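So you know, we letter chains A, B, ... as the sequences are listed, proteins then strands, and number each from 1. Not measured: the values here are computed from a predicted model. Just so it is clear, the values below take in all heavy atoms, side chains as well, and ignore hydrogens, waters and symmetry mates.
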Amino acid sequence: MKVTLPDGSVKEVPTGSTFLDLAKSIGPGLAKAAVAAKLDGELVDLQASIPKDGRVVFIRGQDPEGADVIRHSAEHVLATAVVRLFAGAQVTMGPADHSKGFYYDFDVGRPFTPEDLEKIDAEMKKVIAEDVPFVRREVTKPEAGKIFAEMGQRFKPEILAWIPGETVTLYQDANFIDLCKGPHVPSAGKIGAFKLTGAAGAYWRGDATKDPLQRIRGVAFANKKELESYEKQMELAKARDHRKLGRELGLVNFSPLAPASPFFLPKGAKVYNLMVDYVRSLYDKYGYQEVITPQIFSAELFKTSGHYENYAENMYFAEAGHEAAGGEEAGAFGPGEAPTVEYAVKPMNCPGHCALYQMDLHSFRDLPWRVADFGRLHRAEGDATHGLMRVRTFCQDDAHIFCAEDQMAAEMASFVDLVDEVYGDFGLGDVKIRLATRPEKRMGADEQWERAETDLATVLKEKGRAFDLAPGEGAFYGPKLEFHVKDALDRSWQLGTLQVDFNLPERFGLEYVGSDSARHRPIMLHRAILGSLERFFGVYLEHTGGIFPTWLAPEQARVIPVTDRALAHAEKIRAALEERGVRATTDHSSDKLGAKIREAQLAKLPFMLIVGDKEVEKGGVSIRLQDGTDLGYLDLPAALARVAEDTEMPSHKRRRDTQKQGPVV
RNA sequence: GCCCACAUAGCUCAGUCGGUAGAGCACUUCCUUGGUAAGGAAGAGGUCACCAGUUCGAGUCUGGUUGUGGGCUCCA
């Protein structure tokens with residue numbers, strides 16, 4: 001057999017030798033580090049014999065694909081440990097994607113306790129210490145069925161039935177055999193480090209009407225060091241939890257009196273409003289007009305939009321009691337006969353905007369009509385709420401664009417620019433775009449879908465933007481773009497979205513008069529940049545760890561007197577800062593300087609301006625920055641200029657800088 | 001909507017075998033006037049989430065409710 005290695009060299013290997021043999025012949029280090037191999041791009045077991053000539057690449061445990069193999073193998077070791085410890089345990093299956101970790105669903109007749117997990121963990125360590133080999137076997141389906149029947153496994157035959165083809169592959173480690181495509185590590189010892197991260201309920205095939213199962217989750221790595229770095233990352237995430245930071249920094253809090261509904265404290269409200277102001281500051285440039293629409297509508301609106309029929313379980317309804325009572329008192333109706341008007345609290349802005357559109361007759365000259373709304377929305381989410389990330393009341397940087405079909409592409413392009421500008425200003429650099437196309441169940445003509453999907457793809461291509469295609473994941477009413485942003489902790493969040501809607505214009509019978517003086521149906525685009533501002537607040541708080549950019553910081557500068565003798569001077573400095581539009585306070589506490597600095601540091605203030613006897617005498621301040629940098633003494637004008645440099649909103653700053661440059665000659 | 005766990009001072013948490021509660025931080029007052037991440041003392045703060053039950057007696061045991069967390073499902 002002739003194999004080509006990544007460096008281009010060709011090696012002759014004896015027939016029947018395995019990939020592991022090949023690795024050993026190259027070097028013992030490689031043989032030790034490798035967990036799998038790739039033959040002509042296809043992942044294979046190291047212990048498999050090389051079947052044909054081809055290009056061979058060895059995959060190490062540290063490589064992303066190697067980490068997947070290690071996690072997948074750890075998952076089998078988990079199952080092995082569970083069947084060893086729990087007589088009669090039924091095993092089902094794990095995830096297809098091992099990029100984040102592994103899990104395996106079991107039925108042992110009861111939930112796993114933390115003590116169970118400890119025992120399972122210990123048993124897994126034993127299997128790994130024994131370095132038991134993973135043995136691959138290819139058998140016919142009936143043979144596999146017989147093996148699982150002997151093992152008393154009742155879920156496996158069902159899985160067997162879904163698998164196409166005549167034969168299946170089995171992997172055996174220690175005393176446990178599992179149905180699996182592989183590949184796996186040659187032996188359990190290659191699993192350098194693992195950790196079980198928890199147990200939770202799940203259902204067979206994710207279906208609540210089917211058997212309840214117990215899922216054990218875990219992570220695994222090539223070595224201890226990688227596990228430790230993972231654990232560190234988890235601790236970091238915990239320390240940055242927005243619920244914790246939100247309370248500690250006095251930004252946001254929650255109360256059982258309004259479940260899953262945030263209370264923004266003065267500082268949090270400051271940041272929140274600055275976020276809104278910032279987005280608003282771009283709306284003129286991009287041609288949006290802001291509107292303010294009702295909170296509570298007659299349920300009729302949502303009957304028209306379709307939400308009443310399809311979304312009612314997530315909506316709050318309201319009844320105006322006085323109407324029924326008033327009718328009875330007036331004697332117009334008998335008891336219980338008064339007509340009650342049913343009201344609903346809006347869960348989204350779009351139906352209201354359709355109602356707004358209907359109020360006037362629109363000409364093609366009016367389009368595109370871009371209607372922005374920071375309206376408060378309420379959704380009766382079930383138990384799946386989570387801090388600010390999933391709440392029952394929130395507001396989006398929401399807008400709807402009513403346009404003609406041939407205007408769609410330009411609107412999409414402009415929106416991509418707007419999103420770029422916003423994410424850039426927030427320092428969110430890692431953006432991935434997904435294009436979700438027509439699902440099975442959908443409304444609207446195929447030609448419409450074709451046009452919209454093509455427009456979206458073309459716009460992205462023309463802008464040179466890479467995107468992932470998500471076939472079939474569009475909404476039933478139209479295709480959409482999703483903007484996924486990675487935060488400082490490498491977690492991905494979907495923030496922005498652009499959704500084409502063929503449905504609502506139809507339901508509301510929206511029209512515009514074209515240049516041909518005939519009536520036409522507009523297209524509606526739903527779009528949001530940051531999405532739910534509550535959620536974005538949470539994401540951004542975790543992204544920054546509470547150290548907001550200065551323009552967003554609720555308190556930008558604190559003047560700290562060393563002793564009370566400097567208080568008057570400190571007040572003067574604060575007033576001068578305030579004059580320049582800086583959000584500044586003075587520290588009046590009777591603490592020592594060290595304690596005052598510590599307080600300001602923990603509050604994550606961008607600027608600390610220290611004034612003591614020396615500064616009083618010379619008239620200036622000493623500046624300390626959030627990162628600990630000591631700028632030393634600055635006279636007052638220099639200090640004010642230094643602070644003001646950072647405090648302005650980026651969109652305002654850009655506009656001013658452009659103006660300064662004067663007209664382009 | 002489903003499964004599991006948890007709920008003690010503003011926050012973080014201790015509370016043994018069932019015998020009516022503690023610490024640190026924060027808060028208030030007083031002392032201290034100091035030079036770049038915690039000066040000192042005293043004080044106040046609790047229907048142990050809520051409602052039932054078992055018991056001579058419940059923070060502790062049982063059931064229910066609400067809330068929170070983790071997971072599953074859903075997401076027009």
Side-chain angles (χ1 to χ4, degrees), chain A residues 103 105 110-114 116 197-217 238 241 243-244 246-250 253-261 302 305-315 347-348 350-351 379-387 389-390 439 441-443 473-478 480 494 499 501 503-504 507 526 558 560-567 587 589-605 608-616 621-626 628-633:
Chain A
Y103 65 73
D105 292 346
R110 63 171 177 85
F112 289 112
T113 63
D116 290 336
T197 52
Y203 294 97
W204 174 232
R205 305 185 63 185
D207 184 340
T209 63
K210 295 196 160 67
D211 301 57
L213 304 171
Q214 293 301 317
R215 172 168 301 179
I216 299 180
R217 304 174 151 272
K238 208 176 154 196
D241 188 308
R243 291 163 296 188
K244 182 174 142 81
R247 196 173 37 236
E248 282 173 2
L249 297 176
N253 222 331
F254 291 86
S255 159
L257 293 173
S261 305
F302 300 105
S305 71
H307 291 92
Y308 193 89
E309 198 187 341
N310 298 301
Y311 198 65
E313 58 178 14
N314 285 307
M315 288 171 65
M348 43 194 78
C350 35
R379 293 186 190 173
E381 299 286 352
D383 291 338
T385 58
H386 176 86
M389 304 306 189
R390 188 103 183 232
K441 252 182 77 182
R442 61 176 182 267
M443 62 90 48
E473 287 188 37
F476 79 93
Y477 50 77
K480 62 178 176 183
Q494 187 199 316
Q499 310 188 358
D501 190 342
N503 178 47
L504 284 181
R507 280 185 166 266
H526 306 248
R558 186 177 294 178
I560 300 177
V562 178
T563 72
D564 285 357
R565 285 192 301 281
L567 250 176
D587 189 332
S589 74
S590 65
D591 287 324
K592 286 170 74 167
L593 180 63
K596 290 177 185 174
I597 298 272
R598 181 170 189 270
E599 283 298 313
Q601 196 71 36
L602 291 176
K604 321 236 188 231
L605 287 174
M608 291 168 227
L609 308 178
I610 320 292
V611 293
D613 292 340
K614 280 185 288 187
E615 286 80 7
V616 172
V621 296
S622 293
I623 297 188
R624 182 194 157 104
L625 304 180
Q626 149 68 31
T629 310
D630 190 351
L631 295 184
Y633 178 82

**Asked** When rounded to the nearest Å, what value does the distance between C1' atoms of B:G19 and B:A58 take?
**Response** 10 Å
**Message:** Any carboxylate oxygen within less than 4.0 angstrom of a Lys/Arg side-chain nitrogen, looking at A:D630 and A:R624?
**Reply:** no
**Aromatic plane relationship, A:H526 with A:Y477 - under 30° parallel, 30 to 60° tilted, over 60° perpendicular** = tilted
**Prompt:** Atom CG of A:D105 and atom CD of A:Q214: how far apart are they, to the nearest 0.5 Å?
**Reply:** 9.0 Å
**Prompt:** Please give, in whole Å, the distance from B:G34 C1' to A:K596 NZ?
**Reply:** 8 Å
Polar atom pairs (N or O), protein with nucleotides 6-9 of chain B, under 3.5 Å:
none

**Asked** Between A:R507 and B:A76, is there a side-chain N or O to OP1/OP2 distance below 4.0 Å?
**Response** no
**Asked** Given atom NZ of A:K244 and atom C1' of B:U12, what is their separation to the nearest angstrom?
**Response** 8 Å
**Prompt:** Looking for any heavy atom pair under 4.0 Å, which part of the strands does A:Q499 touch: base, sugar-phosphate only, or nothing?
**Reply:** nothing
**Request:** Taking atom C1' in both B:A5 and B:A9, compute the distance separating them and give it to the nearest angstrom.
**Result:** 24 Å
**Request:** Answer yes or no as to whether B:A76 has its base stacked against A:Y477, where stacking requires a ring-centre separation under 5.5 angstrom and planes under 30 degrees apart.
**Result:** no
**Request:** Please state how far atom CG in A:N310 lies from atom P in B:C74, giving the value in whole angstrom units.
**Result:** 16 Å
**Request:** Find the distance between NZ (A:K592) and CD1 (A:I597) and round it off to the nearest 0.5 Å.
**Result:** 13.0 Å
**Item:** Secondary-structure notation, RNA chain B, from Watson-Crick and G-U pairs under 3.5 angstrom (| other strand)
**Value:** (((((((..((((.....[..)))).(((((.......))))).....(((((..]....))))))))))))....
**Asked** Please give, in whole Å, the distance from B:G34 C1' to A:D587 CG?
**Response** 13 Å
**Prompt:** With a 4.0 Å cut-off on heavy atoms, is A:D613 in touch with a base, just the backbone sugar-phosphate, or nothing at all?
**Reply:** base
**Complete:** In B/S/- notation (B base, S sugar-phosphate only, - none; protein heavy atoms under 4.0 Å), nucleotides 37-48 of chain B written 5' to 3' is BBS---------
**Prompt:** Roughly how many Å is it from CZ in A:R565 to P in B:G35, rounded to a whole number?
**Reply:** 10 Å
**Message:** Rounded to whole Å, please give me the gap between CD in A:E313 and C1' in B:C74.
**Reply:** 8 Å
**Prompt:** In whole Å, what separates the C1' atom of B:C17 from that of B:U73?
**Reply:** 43 Å
**Asked** Taking atom CG of A:L593 and atom CD1 of A:I560, what is their separation to the nearest 0.5 Å?
**Response** 7.0 Å
**Asked** What nucleic acid atoms does A:K614 come within less than 4.0 Å of, heavy atoms only: base, sugar-phosphate, or nothing?
**Response** base
**Request:** Can you measure from CD1 (A:I623) to OG1 (A:T629) and round to the nearest 0.5 angstrom?
**Result:** 11.5 Å
**Prompt:** To the nearest 0.5 Å, what is the distance between CG (A:L249) and NZ (A:K244)?
**Reply:** 10.0 Å
**Asked** How would nucleotides 65-71 of chain B be written as a contact map, 5' to 3', with B for base contact, S for sugar-phosphate-only contact and - for no contact, using protein heavy atoms under 4.0 Å?
**Response** --SSSSS
**All salt bridge (charged side-chain N to carboxylate O under 4.0 Å, His left out) counterparts of A:K614, not counting sequence neighbours** = none
**Asked** If you pin A:G382 and A:D564 to their nearest nucleotides in RNA chain B, which one's is more 5'?
**Response** A:G382
**Message:** Tell me every residue that passes ring-ring contact (aromatic ring centres under 6.0 Å, His included) with A:F254, counting only those two or more places apart in sequence or in another chain.
**Reply:** none
**Request:** Could you measure between the two P atoms, the one in B:C50 and the one in B:C31, and give it in whole Å?
**Result:** 40 Å
**Fill in**
Nearest heavy-atom approach of A:A566 to A:G612 is CB-CA, 4.2 Å
